[in-house]
Amino acid sequence: MATQAQQPPHLHLAELTAAQFIDIWKHFDADGNGYIEGKELENFFKELETSRRGASTVSRSIAFKEKMKEFMAKFDKNADGRIEMTELAQLLPTEENFLLYFREFVGSSSEFMTAWRKYDTDRSGYIESNELKGFLSDLLKKANRKYDDKKLNEYTQTILRMFDLNGDGKLGLSEMARLLPVQENFLLKFQGTRLTVKEFNSLFIIYDKDGNGYIDEQELDALLNDLCDKNKMDVDAAGLVGYKKSLMALSDGGKLYRTELEIVLCRDSTL
């Protein structure tokens with residue numbers, strides 16, 4: 001028998017707060033890959049139907065499959081057979097749906113990197129709670145949504161609760177990037193290739209060929225090509241262009257310094 005901690009949250013979706021939505025997402029995205037898919041998706045939909053209609057045998061019927069198909073047609077916008085966070089967030093009441101505001105404000109990796117550079121004001125490699133609050137404030141203003149300090153604090157804590165994986169009260173670049181639509185989160189592509197500080201330092205020296213302390217676009221081209229080849233990453237030319245654009249959005253006037261590149265490529269960054 002499942003323990004109380006393992007019980008799925010009740011899916012009264014019409015009344016969800018953002019914090020309750022996070023509980024639901026974390027429960028059903030069991031492997032933490034950014035999607036509800038396969039058995040996770042089936043379990044989610046069963047719980048959804050039970051919440052709406054009460055326990056029944058509908059999960060074994062043709063009706064269940066048809067309803068699930070209708071649900072996917074409505075919410076699986078990119079028709080990949082799985083649900084990502086921003087797709088599921090459409091179920092939230094409008095006033096709670098700051099996740100969709102994020103998608104409108106920062107819809108691509110390069111836009112995300114530009115925003116990161118703006119809000120990581122102290123260049124620490126993290127966005128801390130006060131910086132995150134500034135980001136969310138601008139996000140809500142851009143979406144023409146009214147809010148007060150209490151609501152802003154609530155959203156800030158919800159984002160931290162959702163994405164602060166190590167519980168240090170601040171968000172690293174890869175943690176914050178989980179707000180992006182999954183297909184736009186190029187950082188996920190590098191999860192299996194993250195380097196130690198020692199490996200990163202050696203790599204930086206190799207590709208900073210002129211020894212000027214930063215990597216320019218041409219040097220970054222060579223680094224990304226070799227990194228993808230070495231790790232057998234299935235990336236086409238267009239993908240590499242996108243990666244480079246995203247990384248250069250972190251740069252200072254076309255100069256990608258060690259600290260900016262380290263937060264992307266290093267798994268145990270000293271920042």
Side-chain angles (χ1 to χ4, degrees), residues 4-36 40 44 47-48 51 75 77 83-109 111-113 115-116 118-122 124-182 184-185 187-188:
Q4 187 65 32
Q6 294 171 317
Q7 292 294 332
H10 290 296
L11 301 182
H12 299 299
L13 294 173
E15 303 169 0
L16 276 184
T17 65
Q20 289 167 333
F21 173 80
I22 301 315
D23 283 338
I24 289 169
W25 180 265
K26 282 189 169 183
H27 179 85
F28 287 101
D29 180 22
D31 57 8
N33 70 345
Y35 292 105
I36 294 177
E40 295 170 342
F44 168 79
E47 193 64 28
L48 176 61
S51 178
F75 293 105
K77 296 301 183 183
I83 298 292
E84 63 181 78
M85 184 179 290
T86 46
E87 290 173 333
L88 188 62
Q90 296 170 82
L91 291 162
L92 283 169
T94 303
E95 65 273 13
E96 288 286 342
N97 207 337
F98 60 91
L99 291 174
L100 294 188
Y101 304 158
F102 180 90
R103 171 172 267 187
E104 293 169 8
F105 185 37
V106 183
S108 69
S109 283
E111 290 173 328
F112 168 76
M113 291 300 201
W116 176 272
K118 177 181 178 182
Y119 292 99
D120 179 19
T121 52
D122 57 4
S124 65
Y126 295 95
I127 287 184
E128 299 172 38
S129 59
N130 61 320
E131 295 168 330
L132 178 59
K133 191 178 293 186
F135 169 78
L136 290 173
S137 177
D138 286 354
L139 180 65
L140 292 164
K141 287 174 184 174
K142 188 176 179 69
N144 293 318
R145 294 295 173 188
K146 293 181 180 180
Y147 64 92
D148 54 24
D149 286 342
K150 181 180 179 182
K151 185 62 68 175
L152 185 60
N153 286 331
E154 179 188 326
Y155 286 165
T156 301
Q157 291 307 309
T158 299
I159 290 289
L160 283 171
R161 186 172 162 215
M162 186 190 312
F163 296 112
D164 180 17
L165 301 180
N166 60 7
D168 62 1
K170 55 189 178 182
L171 297 179
L173 183 70
S174 58
E175 291 174 326
M176 187 74 172
R178 288 169 66 88
L179 279 165
L180 281 166
V182 174
E184 274 293 341
N185 188 352
L187 292 171
L188 291 176

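All residue numbers refer to positions in the sequence shown, counting from 1.
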Can a side-chain donor-acceptor contact be found between Asp168 and Tyr126 if the only test is distance below 3.5 angstrom?
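On atom types as modelled, these side chains do not qualify, holding no pair under 3.5 Å.
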Please report the interatomic distance [atom1]([X]) to [atom2]([Y]), rounded to the nearest 0.5 Å.
X	Y	atom1	atom2	result
Ile127	Lys118	CD1	NZ	11.0 Å
Lys151	Thr158	NZ	OG1	8.5 Å
Asp148	Glu154	CG	CD	9.5 Å
Gln157	Leu152	CD	CG	10.5 Å

Report yes if the side chains of Phe44 and Ile83 come closer than 4.5 Å at any heavy-atom pair, otherwise no.
no
Mind listing the closest non-hydrogen atom pair of Leu160 and Ser129 along with its distance?
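In this case the closest contact between Leu160 and Ser129 is CD1-CB, 4.2 Å.
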Provide the closest heavy-atom pair for Glu40 versus Tyr35 in the form atom of the first, atom of the second, distance.
OE1-O, 3.2 Å
Under the side-chain hydrogen bond (donor to acceptor under 3.5 Å, both in side chains) test, which residues partner [X], sequence neighbours left out?
X	value
Thr121	Glu131
Asp122	Ser124
Asn153	Lys133

side-chain contact (heavy atoms from CB on, under 4.5 Å) between Phe135 and Thr156, worked out
CA-CA 9 Å; Phe135 169 78; Thr156 301; over 6 Å; no
